[in-house]
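Heads up, the thing below is written out as structure tokens.
As the structure is a prediction and not an experimental result, all values here were calculated from the model. Just the heavy atoms: all of them, side chains too, but no hydrogens, waters or symmetry mates, feed the values below.
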Amino acid sequence: VRSQRTQELHILLKQTYLIRRLKKDYLHQLPAKIRSHDWLGPLPSSIITEPLSQLPILRSPQVSKALQADALFMALFRLTGTEKISYVVQYLKDIWQPQLEAQPEDKVIFFTYHHAMTDALLELWPGAAHMDGRTPTIDRPAQIVKLQSDPQVQVGIFSIQTTCAGVDFPQVNHIVFCELAFSPAAMLQAEDRIHRVGQVRTAQVHYLLLKESTDELLMFILNKKLR
């Protein structure tokens with residue numbers, strides 16, 4: 001059969017349709033993805049009990065137990081984010097700074113949730129590619145390309161919310177979750193930023209978890225989702 005106006009057809013199809021393979025269709029072509037958990041802490045109970053006991057909502061008889069439980073969890077989540085910084089920074093100094101110096105071919109993405117954690121990590125790696133909710137939209141592509149293309153840049157510091165989808169980093173072989181997000185789906189999407197077509201090394205995913213904190217519950221929810 002003779003084809004006519006094929007160039008026009010090509011333009012119309014390209015503008016109208018997106019052909020996309022599901023990951024399950026090419027998963028067998030990818031190297032392994034390995035998860036590990038490193039426990040920090042524990043968070044001292046004295047740091048938790050006093051500020052949480054002062055929450056006004058917990059002393060209000062008009063507020064339901066369910067709302068009180070939600071408020072308590074959110075307060076503990078914010079407290080975990082603040083108190084976890086010193087544990088994470090020390091761990092990265094002890095483990096990841098020497099590892100990256102010894103393995104210059106390695107690249108790692110440190111995922112964060114709170115701005116304070118992002119800022120603390122940028123003090124360790126001032127030249128890192130970085131992006132969070134404060135990064136102007138116009139500046140974000142340059143930060144992505146910086147980690148993807150510059151062999152001198154080993155570290156990306158990205159928030160889970162801004163980088164869990166829509167961009168791939170097959171050049172990176174490690175992900176470290178310095179904090180967790182509420183959504184298991186967002187965590188799994190963030191993991192897969194390095195487990196994509198083009199990856200030739202084992203994708204290693206590391207979770208830094210703080211004992212006696214909201215990390216324990218959020219990790220339980222994520223593990224339940226994986227099962």
Over all atoms of both residues, closest heavy-atom pair of [X] and [Y]:
| X | Y | value |
| --- | --- | --- |
| I221 | P184 | CG2-CG, 3.6 Å |
| P31 | R201 | CG-O, 3.1 Å |
| A120 | V89 | CB-CG2, 4.0 Å |
| A190 | I175 | O-CD1, 3.2 Å |
| D215 | L180 | O-CD1, 3.7 Å |

[Y] backbone acceptor or donor facing [X] side chain under 3.5 Å:
| X | Y | value |
| --- | --- | --- |
| T162 | F158 | no |
| Q189 | A165 | no |
| S183 | A185 | yes |
| Q148 | D168 | yes |
| R193 | C164 | yes |
| E216 | E212 | yes |
| R78 | F73 | no |
| Q154 | Q103 | yes |
| E179 | H114 | yes |
| K84 | G41 | no |

Working to the nearest 0.5 Å, report the span between [atom1] of [X] and [atom2] of [Y].
| X | Y | atom1 | atom2 | value |
| --- | --- | --- | --- | --- |
| D94 | Q99 | CG | CD | 12.5 Å |
| L147 | K107 | CG | NZ | 5.0 Å |
| D119 | H130 | CG | NE2 | 9.0 Å |
| D192 | M187 | CG | CE | 12.0 Å |
| I160 | I109 | CD1 | CD1 | 11.5 Å |
| L210 | I85 | CG | CD1 | 11.5 Å |

ILVMFWY cluster, M131 and V145 together (side-chain gap under 4.5 Å): no
Side chain to side chain, [X] and [Y], heavy atoms closer than 4.5 Å:
| X | Y | result |
| --- | --- | --- |
| W39 | Y87 | no |
| F77 | L218 | yes |
| L100 | V155 | yes |
| L40 | V88 | yes |
| Q97 | W125 | yes |
| I34 | V205 | no |
| P170 | V197 | no |

Verdict with supporting geometry, L92 and L208, side-chain contact (heavy atoms from CB on, under 4.5 Å): CA-CA 10 Å; L92 299 183; L208 303 187; 4.2 Å; yes
T112 versus S159, side-chain donor and acceptor atoms under 3.5 Å: no
No-hydrogen, no-angle side-chain donor-acceptor test under 3.5 Å, Y207 and D38: no
Residue that, paired with H206, satisfies ring-ring contact (aromatic ring centres under 6.0 Å, His included) out of F110, F111, W96, F177: W96
Salt bridge (charged side-chain N to carboxylate O under 4.0 Å, His left out) assessment of D139 paired with K146: CA-CA 11 Å; D139 295 336; K146 182 178 180 180; over 6 Å; no
